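Below is one structure, written out as structure tokens, with a few remarks after it.
Naming convention: chains lettered A, B, ... in sequence-line order (proteins, then strands); numbering from 1 in each chain. These figures come from a predicted structure and were not determined experimentally.
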There are 2 protein chains.
Amino acid sequence: MPRADASRNRRALLDAASAELAAHGLDASIARIAARAGVAKGTVFNHFPSKEDLVAEIFEDRVAGLVAAGERLRDAADPVEALLRFMTAGIELHTRDRSFCQAAGAIPRADPRVRAASERLARTAEELTGRARDSGAVRPDITGHDVVLLFTAAAQAATPLGDTVPDLWRRYLHLIFDGLRADGAHPLPVPAPTTAQFTAAARATPAG
Amino acid sequence: MPRADASRNRRALLDAASAELAAHGLDASIARIAARAGVAKGTVFNHFPSKEDLVAEIFEDRVAGLVAAGERLRDAADPVEALLRFMTAGIELHTRDRSFCQAAGAIPRADPRVRAASERLARTAEELTGRARDSGAVRPDITGHDVVLLFTAAAQAATPLGDTVPDLWRRYLHLIFDGLRADGAHPLPVPAPTTAQFTAAARATPAG
DNA sequence: ACCTGAACACCGTTCAAGT
DNA sequence: ACCTGAACACCGTTCAAGT
């Protein structure tokens with residue numbers, strides 16, 4: 001049973017971290033987050049073992065929101081439209097949150113919560129992808145993992161021009177989506193990643 | 001006329017930075033780079049105003065290599081094959097160099113050398129794209145800027161699984177390339193970025 | 001002219017001392 | 001049981017002192 005001020009501080013820290021990360025990306029400072037939450041710097045490490053862990057917690061929360069959005073699209077009338085909407089929601093998450101964009105490539109998948117969130121996201125993506133495949137409009141060799149990696153790619157393709165052309169990502173989403181369609185599809189040289197490969201992806205090599 | 005040891009140190013620093021950045025990405029430390037080059041930490045700032053500037057210099061050099069590769073492909077027999085090869089070379093640059101991957105999104109375009117290099121790259125891409133468009137195989141609304149952003153996207157899509165499935169990027173390159181083809185192309189909701197937009201892209205907002 | 005290494009302001013993290 | 005703020009090891013950067 002946590003103390004009243006402790007759970008209040010924890011919430012304040014998560015809110016502060018969420019805002020700071022969205023605005024400044026992964027190099028948001030612990031000092032600013034603590035100040036914004038109205039606690040001492042040391043208190044941050046009382047609630048979260050490390051900055052990486054705090055980021056993972058926020059990341060998990062964001063992904064959960066996207067999973068929920070995906071689940072609401074499961075029963076949509078047009079499965080192709082539903083898949084496009086899901087990818088749109090995923091990209092909008094990237095554009096709203098600077099840190100999410102960087103974290104998508106850099107976060108340690110070793111973290112069990114991040115892995116679990118990634119798995120749930122891939123499962124939701126696979127449900128929507130399966131329906132789109134079954135409709136015949138999307139090529140049969142595409143998986144939910146592909147879809148997750150590809151909307152991330154579309155988001156990152158447009159990121160360098162994000163301040164200049166804010167909706168450029170729509171161009172690349174639609175272009176990539178054309179690549180997902182069944183008609184005119186050429187065979188792909190490499191199979192889709194397996195669930196094990198998708199989730200178990202190792203961390204960068206430590207300094208040698 | 002620079003002193004002999006000075007120009008030797010400069011070369012050593014560039015070589016050291018090149019290796020450290022490729023291995024450790026943008027957070028390669030100045031201390032390690034200096035040690036690897038056999039000079040004191042302060043000497044680094046004698047040759048380069050800042051770490052960012054040193055990174056920009058390396059970045060510029062890498063892009064120049066890619067431009068050269070693109071120019072060698074200008075007279076290839078099959079323009080579609082040539083464009084695919086160019087994009088492949090671009091992605092392989094990302095896979096060889098951790099920092100390049102991160103820098104592609106994060107480097108300040110304000111740096112005039114980086115801007116110039118980006119312009120040359122876009123121009124080379126446009127030449128190859130133009131030939132592929134004229135052949136009728138690639139859709140008419142695609143530009144060189146699109147191609148540069150899209151091979152970067154393919155590289156970054158596969159990055160999280162880079163240690164587990166090293167050639168996964170080939171899957172996404174070919175999938176995106178299917179989206180570039182003229183047959184079965186759907187209209188895109190947003191026009192291609194202009195040269196001005198591509199090069200002038202502003203820097204992230206400073207901390208508020 | 002250029003190199004050096006001590007110094008500075010920052011960062012994430014730890015921990016003894018408080019309540 | 002939790003909070004605090006001083007302390008630590010790191011980082012990029014500066015600069016007086018050397019040659």
Separation of [N] [atom2] from [X] [atom1] (nearest whole Å):
{"X": "Lys51(B)", "N": "dC11(D)", "atom1": "NZ", "atom2": "P", "result": "9 Å"}
{"X": "Arg3(A)", "N": "dC3(D)", "atom1": "CZ", "atom2": "P", "result": "6 Å"}
{"X": "Arg32(B)", "N": "dC11(D)", "atom1": "CZ", "atom2": "P", "result": "9 Å"}
{"X": "Ile30(B)", "N": "dT13(D)", "atom1": "CD1", "atom2": "C1'", "result": "9 Å"}
{"X": "Asn9(A)", "N": "dC3(D)", "atom1": "CG", "atom2": "P", "result": "5 Å"}
{"X": "Arg10(A)", "N": "dA1(D)", "atom1": "CZ", "atom2": "C1'", "result": "15 Å"}
{"X": "Leu54(A)", "N": "dT13(C)", "atom1": "CG", "atom2": "C1'", "result": "14 Å"}
{"X": "Phe48(A)", "N": "dT14(C)", "atom1": "CZ", "atom2": "P", "result": "15 Å"}

dT19(C): pairing nucleotide in any strand, Watson-Crick or G-U under 3.5 angstrom: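 When the pairing criteria are applied, dA1(D) turns out to be the nucleotide that pairs with dT19(C).
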
Complement of dC10(D), any strand, by Watson-Crick or G-U distances under 3.5 angstrom: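 Checking every strand shown, dC10(D) finds no partner, since no pair has both distances under 3.5 Å.
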
Touch class at under 4.0 angstrom, heavy-atom based, for Ala28(A) against every strand present: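 If one applies the 4.0 Å heavy-atom cut-off, Ala28(A) turns out to touch the sugar-phosphate alone, with no base involved.
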
Below 4.0 Å: OP1/OP2 of dA1(C) and any side-chain N or O of Asn46(B):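 Looking at the OP1 and OP2 atoms of dA1(C), neither is under 4.0 Å from any side-chain N or O of Asn46(B).
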
Under 4.0 angstrom between His47(B) side-chain N/O and dC3(C) OP1 or OP2: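 Yes, within the criterion.
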
Check: Arg62(B)/Ser18(B) side-chain N/O donor and acceptor closer than 3.5 Å: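 Checked: Arg62(B)/Ser18(B) side chains pair up, N/O donor to acceptor below 3.5 Å.
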
Partner of Leu175(B) by side-chain contact (heavy atoms from CB on, under 4.5 Å), out of Ile142(A), Asp178(A), Val190(A):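 For Leu175(B), the side-chain contact (heavy atoms from CB on, under 4.5 Å) check succeeds only for Ile142(A).
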
[X] has a side chain; which of [options] sits nearest to it?
{"X": "Ala40(B)", "options": "dG12(C), dT4(C), dG5(D)", "result": "dT4(C)"}
{"X": "Asp5(B)", "options": "dT13(D), dC2(C), dC11(C)", "result": "dC2(C)"}
{"X": "Lys41(B)", "options": "dA7(C), dG12(C), dC3(C)", "result": "dA7(C)"}

Thr88(B) side chain vs Leu84(B) backbone, donor-acceptor pair below 3.5 Å: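 Such a contact is found between Thr88(B) side chain and Leu84(B) backbone.
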
Residues, nucleotides or ligands: over 12 heavy atoms within 6.0 Å of Arg36(A) CZ: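 Yes, because the 6.0 Å sphere around CZ of Arg36(A) holds more than 12 heavy atoms from other groups.
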
Aromatic plane relationship, His94(B) with Phe151(B) - under 30° parallel, 30 to 60° tilted, over 60° perpendicular: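 Phe151(B) vs His94(B) ring planes: perpendicular.
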
